[in-house]
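Within every chain, numbering begins at 1; the chains are lettered A, B, ... in the order of the sequence lines, protein sequences first and strands thereafter.
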Amino acid sequence: MTNYLKQLNQSQMQAVSNLQGPMMVIAGPGSGKTRVLTYRIAHLIKSGTDAFNILALTFTNKAAKEMRNRIETIVESHEAQNLWMGTFHSVFSKMLRIEAEKINYTSNFTIYDTIDSKDLIKSIIKEMGLDKDIYKTRLIQNRISSLKNNFIRPEDYENSPELLQTDKIARRTAFGNIYQKYMQRCFKSCAMDFDDLLLNTYHLLNEFPDVLYKYQNKFQYILVDEYQDTNHVQYLIIKKLAAMNENICVVGDDAQSIYSFRGANIQNILNFKVDYPDFKTFKLEQNYRSTSNIVSLANSLITHNKKQIAKKVWTKNQEGEKTIVCKTLNDNEEGRIVANTIDELHFKENANWKDFAVLYRTNAQSRALEESLRKKNITYKIYGGLSFYARKEVKDVLAYFRMCINPKDEEALKRIINYPTRGLGVTTLQKLIIAANKQDVSIWEVISNLEKYELKINKGTAEKLSQFATLINSYIVQKDNLDAYTLAEQIAKTSGVFYGLYNDKTVEGVSRFENLQELLNGIKDFSEKEGEENNTLEYFMQDIALLTDADNEKEDDHNKVILMTIHAAKGLEFPYIFVVGLEENLFPSMMAMDCREGLEEERRLFYVAITRAEKRLFLSYALSRFKWGQYTDCEPSRFLKELNKTFTKQSEIALTQKKKNHNPYQIFAKTKTQKKKSNFIPKNLKRVSAINADVTPTKTEHLQVGLKVKHSRFGSGKILKIEGEYANKKAIIFFEAVGQKMLLLKFAKLEIEK
DNA sequence: AACAACGGGCTTTTT
DNA sequence: GCCCGTTGTT
C-alpha cells in the first residue's frame, strides 16, 4: 500500500481504492470529500491510468484548480496537467470547440453570458411587437433556461400540451415563438449561452455515434463532484459518457442540495440506482471540520427534512463553544454587532481576518454589513454582485474583442456599432436587424455586403457602415499575428474607446477608465504568462468566458473578512461563521415558503451555512429591516426554533439604541454572572461580549512589568510593558513559543508563574 | 443623439 | 432606496 493512502480513514480509503465500476459516495459536510476525490484521482494515476483518460467534473473552476495542484503534489509529476478537469461548462465548452463543425458551429463560437442573453431576448420581444409587461424578459429568460436544463427544446415544447397550456393560461402564447427565435438568433450569431453548452454537448453525443465512441473511449474514468446539484442535461451527458466503461464515481450530499432553481435534481441520485443497479455506496460520516456542538446543531436542524438519505454525521472533535443566537433591532445594528464581534475575536483569539465569513441569503444584505465593517476599519471582501466582466465599460471593450474573434456575434455588434458614437443609431440598427432576419443571416453579413441586401439607407449611413466594417476587419486581420495585449491595446486606442473614457473626468468616468486599465493589465499578464502559441486574444476570451469572481482572486485579497451568499460559500470552511438575517420571508425566502420542497431546500441551505463553521458560529436576526426604501418588521426565522437549544445560547438583547455612547458590545450578551463579576469596571468602560460571557476577567491588578506569566495558548512569557486602564489594560508580552504579542488583559486569562 | 426628469419595480440563490 | 427604462426636451 502506498504511503499517501495512509492519510485516510477507513471509509475514505475504501472510496479511494475501489477503482472499478459505478459508485456513489455520500459525504457529509467536512467529511473529507475533496480529499477522497483528489486521492482517488491520484490513486488512479499512480495505478497506471493515463491522466488523459480521466474526466473530473467539479462545481467551480477554483475547486478544479486547487484539486489539480494537490494531485500534482501527491503524484509528484506534472501528469495532472493532462486531466480533463473543471466545471461541466468549461470542460464541455472545450469539447464543443473541438467538435464544433459537427453541429454546424465553428470553434470560435462566443459564449453569451446572462446579460447578453437577456439583451437578445429583450430585442426579440420588441421586434415581435409583444407587450413587455406580459412578456417580462427575466421571466422568459428563466423559463427558457429551465426548459433547456430539462432538455426540452423548442420543438419539444410545441409538442407538449402541458407546457403550452401553462403559457396559454398566463396569456403568453408567443413564448414558444420567442424560445425558437432566441435559439435561432444564438445559432446565427455563432453563440451559445450557458445552457447551450450543456444542451449542445448532449446533442453532439446523442446524434454522432462516432463522437460519442471517441469520448467514451477517452474517458475511462469519470468523477463527478457535488452530484446532488447536477441538472437533468448534465445527468444525461454523464450517463452517455459512462455507458461504455461504467467507471463512474459520483460524490455528493443530498442534504446539501441547494441549486434546484438552476435545474438541479435530486432525482439524479435516485436515477443512479436505476442506471447502475450493481453500484456501490460509500458513506463518509465522520466530520473533521467542526466542533461537536456545531455538528450536533446542524444535525438537529436537518432532521426536520423529510426527504433525505439516512446517514449519521458525527465527530471526534472537541465540544467547543455554544452557538450564539442574537436578536438585534435592525439590519444596521446587526451589522454593527457582527463587526464588533469580529474585531474583538480578531484581537482576543488572535484570529486572522480571513478566518471570518459573514453569510447571508441575498446579496442585498451585504450593504449594512459593509458599512459597519468599514466604520471599524475591518478589511473585507465581498463575493458576488456585479462581476468585473459584467461591468458596462468592460463589456463594451470586450465586445470589440468578441467581434474580431467572431464577427457574427450579434450582441457584441449591437454594443459597439455606435460606441463611440459614429452616427449609426437605432434606426439604422433596426433596418439591419430586419434585413438580417429576412435573409436569415447575421448582421455582420449584411454590413459586409450592403449592396447585396438592398437596405433603405442613405449614402452617408452606408458610408459609415462600411467604415465600421473596415475598422473591424482591420482588427480581424491582425488577430492571429499579435499577442492578446498588443491587439487589445491597439483596439482600445484606435477605436476611440480609450480616449472616450479618459476624457470623462466625472467620478464614475474615472472609475470606468480604471476598470479599462485593469482589464488591459489582466490581458498583459495573460500575454506574458502564456506561451507564444497560446497568448492570443482568442484564448484570453475563452479563458474569461466562464470565470466567476471567485476565480479572479487578487493577491491583496488573501487576508480579508469574507462576505458572501450561502450559495457562494458552498464547499468552503471558516473558523468563524456569522449567518445573518435569520428572519421569516428572508431566510426562508418568501418565494420558497409555499411548498414543502422549497422550504426543505431553504433548510438545506441553512444546513450548508451552519456546517461551514469550524470553531464558532453566530446566528442573528433583526426585528426590523430596511427594505424597498422603508423599515419593515421582521419575525425570527422558523429555523431558529428548530435548532436544539442544548447547543445554542441566546444572547440577551439590551435595546440601548437610544442611549448616548451606547456600546454595542453590551448588546451581544450581558449575562447575570457577568454583571456581578464585572463590578470593578467603571460603567462607561464596560465592554462585555457574549463570546466572552462566561470568562472571568483576569485580576489585572497584580500584573506588572517583568513578571513571568502563562497563557493558555501561547505558553510562558514575560511582560514587557503594560498600558491602558481598567478594561482596556493591555500588556506587551514576549512569549517563548510565539514571540511578542499585545494582549488585552481582560481576555488573556493569564496566570502568574512562580 | 444626448441628457434630464420621472416612474416603476425590485430581492432569491449562479455556471 | 436604487437601478433601470421610458419619456420629453434641446
Task: Nearest-nucleotide comparison on DNA chain B, the residue closer to the 5′ end among A568(A) and G423(A) - done: G423(A)
Task: Closest-nucleotide 5' rank along DNA chain B - winner of L586(A) and D195(A) - done: L586(A)
Quick one: does NZ or CZ of [X] land under 6.0 Å from the six-membered ring centre of [Y], within 45 degrees of the ring axis?
X	Y	answer
R262(A)	Y259(A)	yes
R604(A)	F606(A)	no
K392(A)	Y419(A)	yes
K464(A)	F468(A)	no

- [ ] May I ask you to check whether F187(A) and Y105(A) place their ring centers less than 6.0 Å from one another?
- [x] yes
Which nucleotide sits closest to the side chain of [X]: [options]?
X	options	value
T565(A)	dC10(B), dT15(B), dT13(B)	dT13(B)
F194(A)	dG1(C), dT13(B), dT15(B)	dT15(B)
T421(A)	dT13(B), dT15(B), dA2(B)	dA2(B)
N418(A)	dT14(B), dT11(B), dA1(B)	dA1(B)
R262(A)	dA2(B), dT15(B), dC10(B)	dT15(B)
K122(A)	dG5(C), dT15(B), dT13(B)	dG5(C)
R367(A)	dT14(B), dG1(C), dT15(B)	dG1(C)

Open item on the list: Considering every strand and a 4.0 Å limit on heavy-atom distances, what is the contact class for F626(A): base, sugar-phosphate, or nothing?
Closed with: sugar-phosphate
- [ ] Looking at every strand, decide which applies to F88(A) at a 4.0 Å heavy-atom threshold: base, sugar-phosphate, or nothing.
- [x] nothing
For [X] and [N], what is the distance between atoms [atom1] and [atom2] respectively, to the nearest whole Å?
X	N	atom1	atom2	result
W628(A)	dG8(B)	CH2	P	17 Å
K627(A)	dG9(B)	NZ	C1'	15 Å
Q365(A)	dT13(B)	CD	C1'	11 Å
K148(A)	dT15(B)	NZ	P	18 Å
E226(A)	dT15(B)	CD	P	13 Å
K136(A)	dG8(B)	NZ	C1'	10 Å
Q256(A)	dT13(B)	CD	C1'	16 Å
M593(A)	dT13(B)	CE	C1'	16 Å

- [ ] Look at the aromatic rings of Y235(A) and H232(A) and report parallel, tilted or perpendicular, splitting at 30° and 60°.
- [x] parallel
Kindly say if [X] contacts the phosphate of [N], meaning a side-chain N or O under 4.0 Å from OP1 or OP2.
X	N	answer
R138(A)	dG9(B)	no
N363(A)	dT13(B)	yes
T114(A)	dT15(B)	no

